[in-house]
Number of protein chains: 4
Amino acid sequence: MTADPETRLRADARRNRDQILAAARVIFAAQGPEVPMEEIARSAGVGVGTLYRRFPDRDALIRAVAVDNFDRVLRDAKAAKDQESSDWDALIRLLHQSMELQLSIQLAMVSPRALVILTSDPAIKALRDELLLVMEAFVRGAQAEGRLRADVATGDVAILFATVLRQMPGKGEEVARMATRRCIGIMIDGLRAADSNEPLPGRVLTAADLNP
Amino acid sequence: MTADPETRLRADARRNRDQILAAARVIFAAQGPEVPMEEIARSAGVGVGTLYRRFPDRDALIRAVAVDNFDRVLRDAKAAKDQESSDWDALIRLLHQSMELQLSIQLAMVSPRALVILTSDPAIKALRDELLLVMEAFVRGAQAEGRLRADVATGDVAILFATVLRQMPGKGEEVARMATRRCIGIMIDGLRAADSNEPLPGRVLTAADLNP
Amino acid sequence: MTADPETRLRADARRNRDQILAAARVIFAAQGPEVPMEEIARSAGVGVGTLYRRFPDRDALIRAVAVDNFDRVLRDAKAAKDQESSDWDALIRLLHQSMELQLSIQLAMVSPRALVILTSDPAIKALRDELLLVMEAFVRGAQAEGRLRADVATGDVAILFATVLRQMPGKGEEVARMATRRCIGIMIDGLRAADSNEPLPGRVLTAADLNP
Amino acid sequence: MTADPETRLRADARRNRDQILAAARVIFAAQGPEVPMEEIARSAGVGVGTLYRRFPDRDALIRAVAVDNFDRVLRDAKAAKDQESSDWDALIRLLHQSMELQLSIQLAMVSPRALVILTSDPAIKALRDELLLVMEAFVRGAQAEGRLRADVATGDVAILFATVLRQMPGKGEEVARMATRRCIGIMIDGLRAADSNEPLPGRVLTAADLNP
DNA sequence: CATGAATGAGAGTTCATTCAT
DNA sequence: AATGAATGAACTCTCATTCAT
């Protein structure tokens with residue numbers, strides 16, 4: 001009754017795998033996905049060989065980090081749905097709360113290379129689609145509640161989301177954190193249904209527009 | 001009484017320099033600042049030797065591209081100031097109009113490496129400070145006009161600006177372009193002084209907060 | 001009064017040893033002696049650890065395969081001696097019959113590395129010397145019978161033997177097999193005492209010339 | 001009016017290319033085609049980078065050595081045809097004379113890897129086919145002359161040729177050289193039309209049988 | 001001056017061998 | 001005793017930079 005292959009790993013192997021993933025998450029977030037494999041290994045406290053035994057090449061590692069991240073975000077999204085009383089509130093909570101979870105995947109997406117890797121992986125595509133479905137529900141619901149402006153769709157929100165969550169490199173830790181929170185705040189005010197809003201240019205962007 | 005060094009270049013050398021810069025701008029925008037020097041040279045139609053004669057190393061090239069870009073943005077900012085009737089309008093125009101000019105420098109900034117290079121160059125720092133001064137005037141003026149929300153400062157606006165102008169990699173050309181315009185639209189509505197706005201978290205970010 | 005170490009092995013250990021040897025023989029024959037140890041282990045159905053417990057390093061494994069092979073050839077040579085009515089016939093039979101037995105050792109000898117290993121191992125040297133002695137008897141006898149040309153000695157025959165038994169890589173299985181048999185046939189006709197033979201160049205090569 | 005790309009190389013580049021090829025020929029012959037690239041470069045008196053600039057990877061180098069070798073053999077074959085008075089003599093001369101030229105290509109062919117590389121290269125295939133054509137003429141002619149046994153065809157001769165020219169690794173330089181010459185001598189006697197010959201087993205092997 | 005060849009340090013990856021489970 | 005995980009040295013290949021032509 002053993003499920004996914006990860007379960008079959010010996011205890012120590014499992015631990016190493018997790019350490020590598022954690023190290024990669026942090027390092028990718030800080031320096032992008034092109035850092036020397038050796039550095040990731042060292043920071044995970046293992047030899048390169050071990051890293052390569054777990055992840056046959058850099059692409060595999062990037063994919064694994066991405067999957068891990070999508071999992072987390074998805075968990076958050078479901079929690080938001082369950083615990084918030086309105087779709088608008090769930091959307092906002094997701095934006096605010098996922099900030100840190102998203103951090104590394106956002107950075108991973110900054111590299112053209114990573115982009116190619118991720119978009120060509122069916123497992124990741126599936127996770128992404130699942131997330132988009134959840135968001136779509138939030139968007140529709142929040143619009144029905146009259147709180148989200150009507151001239152946007154899931155694609156718009158997702159892009160805004162992705163854009164803002166992309167951390168500014170450099171700057172002190174504290175300023176960076178605050179800047180992100182404030183940007184999100186401004187953006188939320190921009191998303192709010194309000195008489196003062198100008199009509200947006202072009203056409204509504206849907207989830208389908210996010211596919212390459 | 002020799003003018004700046006660029007002026008002293010022979011016509012063909014000058015042409016080479018410009019071609020290299022143009023090629024680098026395009027390639028940096030498309031693939032980030034880590035592309036092989038040889039590729040840049042080839043795309044500029046010169047040999048690597050020539051590239052290195054003009055720019056002693058990669059950092060020098062990145063700096064030159066950045067300077068070139070800041071120049072353009074600054075020119076735009078001044079035009080906006082001269083031609084628009086209010087500071088709010090100038091700010092909005094700058095946001096919309098600089099979109100394309102900013103494109104390459106934004107991408108250059110995506111690389112942690114480029115960041116370090118740029119922030120440590122006094123010439124670029126000077127250009128950046130000059131730009132911030134202009135923006136500061138816009139921000140103050142627009143708040144005085146009652147059009148820009150009062151709980152933001154130049155730092156907030158600059159960061160938002162930088163965040164949104166960072167292009168989404170992948171996606172079709174058309175969607176990318178539209179997405180950016182719509183994000184800017186939403187952001188502008190978020191920046192607008194309005195009763196519906198929630199107070200922003202943390203403290204106001206000033207131009208000073210942008211220094212590392 | 002313990003017999004040789006192999007006898008002391010537990011039944012399962014013994015089985016493992018044999019499987020490894022068999023697998024190595026096949027793989028060395030097919031791909032040369034540089035294949036990853038892991039691949040040999042896998043093909044033998046054991047873990048690498050087990051392989052290394054039995055054979056401390058690659059050289060030991062190569063040596064063991066070689067010993068195993070010399071044993072077989074020697075057995076064949078003795079059978080030929082016992083069962084054939086003349087030395088010439090015994091020699092020919094050995095050439096024809098050993099073809100397949102020799103196959104893997106010949107391939108093993110293709111690698112300069114294997115060569116060094118084998119020639120420096122006293123046990124293998126002993127087996128080889130024993131084989132050369134048997135061949136020497138065949139050669140002398142066949143010459144006394146007037147069937148083997150007189151201007152060759154054991155060294156010549158052994159080298160010819162080794163040369164021809166070295167399988168052509170590539171080619172279909174069937175062609176390869178036939179090519180070897182036909183080459184052997186031509187060689188045998190060349191070895192035959194005949195008036196049409198040209199005198200061979202240089203000097204006769206003896207068994208002693210085979211030592212490095 | 002510049003012909004092949006090699007002609008376009010700058011004088012120094014050309015010299016380096018030749019040195020690399022010469023070094024590779026010697027080293028491949030002595031140690032097989034798996035030696036570290038660095039060793040080849042060192043032995044050619046250049047840096048690895050230079051080696052890689054000329055030959056993008058090991059396969060390309062192996063191919064180049066093979067082409068170079070086929071060229072030489074082909075030249076020899078044509079000279080033999082022009083200068084010898086009979087096809088039988090031309091064949092024998094080719095066997096004897098090409099001994100050294102063939103040396104490295106034969107060794108290159110010993111590695112399964114090299115085999116794959118070479119057989120998949122159309123340029124090399126063309127050279128090989130050309131050589132086979134020349135040999136076919138020799139074989140037919142020598143049979144018409146009544147000097148070459150009638151029960152062989154080009155495939156048989158080529159394989160014999162290739163087999164014997166494959167140098168024995170190890171052994172002293174002098175013994176190796178002599179052994180090869182004597183093996184060739186024996187083989188030639190085996191090829192000679194003679195009443196004492198036994199009929200060969202199987203069927204005649206033609207040039208077509210040499211294709212994989 | 002422009003060019004592109006040469007160099008060599010460094011990154012990615014593999015694999016022999018050791019060792020914890 | 002068997003297994004397969006971990007290690008790190010060795011090797012391949014790339015590319016920034018220098019230098020001969």
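Within every chain, numbering begins at 1; the chains are lettered A, B, ... in the order of the sequence lines, protein sequences first and strands thereafter.
Atom CD of Glu38(B) and atom P of dG4(E) are 9 Å apart (whole Å). Here dT21(E) presents its C1' atom at 14 Å from CZ of Arg53(C), a figure rounded to the nearest Å. Between the C1' atom of dG4(F) and the CE atom of Met37(C) lies a distance of 15 Å, rounded to the nearest Å. Summarising the geometry, the separation between CD on Gln19(C) and P on dA2(F) is reported as 11 Å, rounded to the nearest angstrom. Straight-line distance from the CD atom of Glu34(B) to the P atom of dG12(E): 13 Å, rounded to whole Å. The interatomic distance linking Arg42(C) (CZ) with dC15(E) (P) rounds to 11 Å, in whole Å. Regarding Asp57(D), its CG atom lies at a distance of 14 Å from the C1' atom of dC11(F), rounded to whole Å. Distance, Glu39(A) CD to dA11(E) P: 9 Å, rounded to whole Å.
Applying the 6.0 Å contact sphere to CD of Glu39(D) captures more than 12 heavy atoms from other residues, nucleotides or ligands.
With salt bridges taken as basic N to acidic carboxylate O contacts below 4.0 Å, one links Asp18(A) and Arg14(A). A salt bridge is defined here as a Lys NZ or Arg NE, NH1 or NH2 lying under 4.0 Å from an Asp or Glu carboxylate O, and Asp68(A) with Arg72(A) meets this definition.
Closest approach of Gln19(A) and Val46(A) over heavy atoms only: OE1-CG1, 4.5 Å.
Closest contact between the side chain of Val48(C) and the listed nucleotides dG4(F), dC13(F), dT17(F) involves dG4(F). Closest to the side chain of Pro36(D), out of dC11(F), dA16(E), dA6(E), is dC11(F). Side chain of Tyr52(B), nearest nucleotide from dT7(F), dA16(F), dT12(F): dA16(F). Closest to the side chain of Arg58(D), from the set dT17(F), dA6(E), dT12(F), is dT12(F).
At dA2(E), one or more side-chain N or O atoms of Asn16(B) fall inside 4.0 Å of OP1 or OP2 (strictly under the cut-off). The side chain of Arg54(D) places an N or O atom within less than 4.0 Å of a non-bridging phosphate oxygen (OP1 or OP2) of dA6(E). OP1 or OP2 of dT7(F) has at least one side-chain nitrogen or oxygen of Thr50(A) nearer than 4.0 Å.
With DNA chain E read from its 5' end, the first of the two nearest nucleotides for Gly47(B) and Val35(A) is the one closest to Gly47(B). Residues Pro56(A) and Leu51(D) both approach DNA chain E. Their nearest nucleotides, taken by heavy-atom distance, put Leu51(D) toward the 5′ side.
In this structure, dA20(E) and dT3(F) make a Watson-Crick or G-U wobble pair, each of the two defining distances being under 3.5 angstrom.
Phe55(C) pairs by the side-chain contact (heavy atoms from CB on, under 4.5 Å) definition with Arg17(C), Ile20(C), Leu21(C), Leu51(C), Ala60(C), Leu61(C), Ala64(C), not counting sequence neighbours.
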